[in-house]
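Input: a single structure, listed below in structure tokens.
What you see below is based on every heavy atom in this structure, not just the backbone, and it leaves out hydrogens, waters and symmetry mates. When a ligand or atom number is given, it counts from 1 through the structure's own listing order. Computed from a predicted structure; not experimentally measured.
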Amino acid sequence: MTQDFSDGRLFIGGDWRKGRGAPITSVFAAEGIENQTLAGASRDDALDAIAAAGAAQQDPAWRDLKPHERATHLHRIADGIAANIDRISWIQSRDTSKTLAETRALALSAAGTFRYFAAVVETSDDLLTAPRGVYLTSSVHEPLGVVAAITPWNSPIASDAQKVAPALAAGNAVVLKPASWSPLVCLELARIIDEAGLPRGLFSVLPGSGREVGTLLVEHPGIAKVSFTGGTSTGRHLAGIAARKLMPVSLELGGKSPTIVFDDCDMDLAIAGVLFGIFSSSGQSCIAGSRLFVQRGIYDRFVERLVQATRALSVGHPFDPRTQVSSLIHADHRASVEAYVALARDEGGEVLCGGARPEGLDAGAYFLPTIIAGLDNAARTCREEIFGPVLVVMPFDDEADVIAQGNDSDYGLACGIFSNDRRKCWRVARAIRAGTVWVNTYKQFSIATPFGGDGASGMGREKGRAGLRAYQTQKSIYEDLGGQPHPWARWP
Ligand code: NAP
């Protein structure tokens with residue numbers, strides 16, 4: 001493919017210029033080669049971006065736009081993404097080693113996200129509320145100011161769009177800090193947004209160290225909200241800073257989601273759902289169904305078929321259209337996944353398949369889809385997020401047992417249920433602590449449907465019509481209709 005990356009400049013306060021921070025390197029882990037090293041953003045770059053964002057957000061050219069006028073900006077950005085799908089997909093596959101099919105879907109979903117929030121902002125109403133006197137009461141929605149969006153490396157363009165689109169639609173400015181492992185596709189998004197004609201300064205992209213640039217953004221008084229997606233420990237740390245600042249923060253964090261297979265399920269449906277739920281994206285997905293509970297009556301048969309199907313998955317290069325499981329994002333990340341598989345063995349787990357690097361793909365950071373049995377839900381392997389192609393499988397007795405085991409986790413992000421009994425599915429769906437539950441399917445997504453987690457999986461919801469409100473504050477206005485001085489205020 002004859003594509004290339006950008007020239008390495010960052011998009012800071014409306015200017016394209018070299019960063020002044022430490023270098024960051026994007027690698028194509030599938031081949032073990034470097035994509036590009038660029039000078040990352042420095043603290044000074046972040047200060048420039050915040051200052052430009054604050055001024056641009058207050059500029060009447062943006063501040064006074066009507067919702068339908070802001071919507072036209074979002075439509076232009078969506079058009080720009082749609083016109084560059086192949087390029088975005090290629091860059092993101094190089095940045096993350098995800099398959100082209102997946103990065104194409106992510107780019108299309110990003111375009112859809114901008115269109116969705118254009119529609120939402122244009123069709124959202126302020127409130128006329130019930131008065132208790134002779135006055136008119138309304139409650140209007142206003143932007144917060146400058147929003148910092150901090151995103152992880154696993155699905156950059158989609159998670160970026162999920163924050164940037166509603167934040168801009170709501171009338172804010174946005175400073176985006178992507179993960180250091182995946183800076184390139186976010187800079188491509190900046191190019192598209194710049195070319196779409198968004199007023200200067202309203203959007204910046206600061207690839208740079210999370211500890212340095214990320215922390216500065218969260219602490220800075222010019223940032224009115226932080227919208228964070230990433231690991232639970234980082235999220236906790238940022239929430240602490242936000243609490244001291246009394247700043248709203250939304251947190252989309254990690255998961256250890258249960259998939260529950262009852263003995264009355266459609267087995268083909270369940271096997272396909274389990275495979276896709278854990279092994280797509282090579283398991284590098286917050287919502288990965290990484291704990292599998294299978295009812296005891298079908299446990300042996302189901303696990304045997306699942307292992308067979310897992311062995312048949314096509315592990316390979318992200319540009320090969322046959323590939324189902326590609327390389328992990330980075331050799332360091334594979335090392336972390338390998339350490340978890342070693343831990344599982346130490347804990348007494350039995351590796352039913354995988355558990356090793358595939359043969360013939362030595363240059364890349366590949367790891368075979370892995371299934372581990374013989375562990376109790378209390379094992380660390382079953383409690384900690386591995387974020388790789390590793391599934392633990394455990395038996396359960398009945399509905400009450402699986403609800404107890406499923407909920408016995410710090411996380412509360414997602415859950416899959418497979419059964420032909422709809423009433424049972426409904427009961428379990430309501431009893432499980434999770435932001436999203438899939439019944440007889442897994443990993444389906446609609447931008448119109450709220451998404452988020454509970455417990456260690458975060459707080460707040462993205463997507464859906466209310467996703468816009470997460471970037472606004474409400475102002476209530478009382479307007480006198482009677483024309484009479486207030487009776488309390490008597491004077492001689
Ligand atoms: P991470 O290490 O927490 O990093 C996420 C982002 O935070 C990166 O941009 C990172 O920058 C930045 N960061 C790190 N330390 C920071 C600090 N002290 N202050 C401010 N920013 C800081 O997570 P990750 O490894 O990139 O992503 C994987 C995690 O994301 C997994 O736990 C996964 O479950 C979670 N995730 C959740 C969702 C969801 O919607 N719930 C979706 C996707 C991923 P650097 O890259 O420069 O360190």
Measure up the F203 and F11 rings against each other and bin them: parallel (under 30°), tilted (30 to 60°), perpendicular (over 60°).
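Taking F11 first and then F203, their aromatic rings sit tilted (interplane angle of 30° to 60°).
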Parallel, tilted or perpendicular: which one describes the rings of W90 and F5, with boundaries at 30° and 60°?
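Rings of W90 and F5: parallel, as their planes differ by under 30°.
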Every residue of the protein that comes under 4.0 Å of ligand 1, judged on heavy atoms:
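For ligand 1, the contacting residues are I150, T151, P152, W153, N154, K177, P178, A179, S180, G208, S209, G210, R211, G214, T215, F228, T229, G230, G231, T234, H237, L238, E252, L253, G254, C286, E385, F387, L413, F451.
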Looking at residues at least two apart in the chain, or sitting in another chain, which of them share a salt bridge (Lys or Arg N to Asp or Glu O under 4.0 Å) with E347?
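For E347, no residue satisfies salt bridge (Lys or Arg N to Asp or Glu O under 4.0 Å) once neighbours in sequence are set aside.
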Would R357 count as a cation-pi partner of Y366, with NZ or CZ less than 6.0 Å from the six-membered ring centre and within 45° of the ring normal?
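So R357 doesn't make the cation-pi contact.
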Just by distance, with hydrogens left out, do S227 and K163 show a side-chain donor and acceptor under 3.5 Å apart?
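Looking only at side-chain atoms, K163 and S227 do form a donor-acceptor pair, the distance falling under 3.5 Å.
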Any F367 side-chain heavy atom under 4.5 Å of V341 side chain:
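Heavy-atom side-chain distance check passes, below 4.5 Å.
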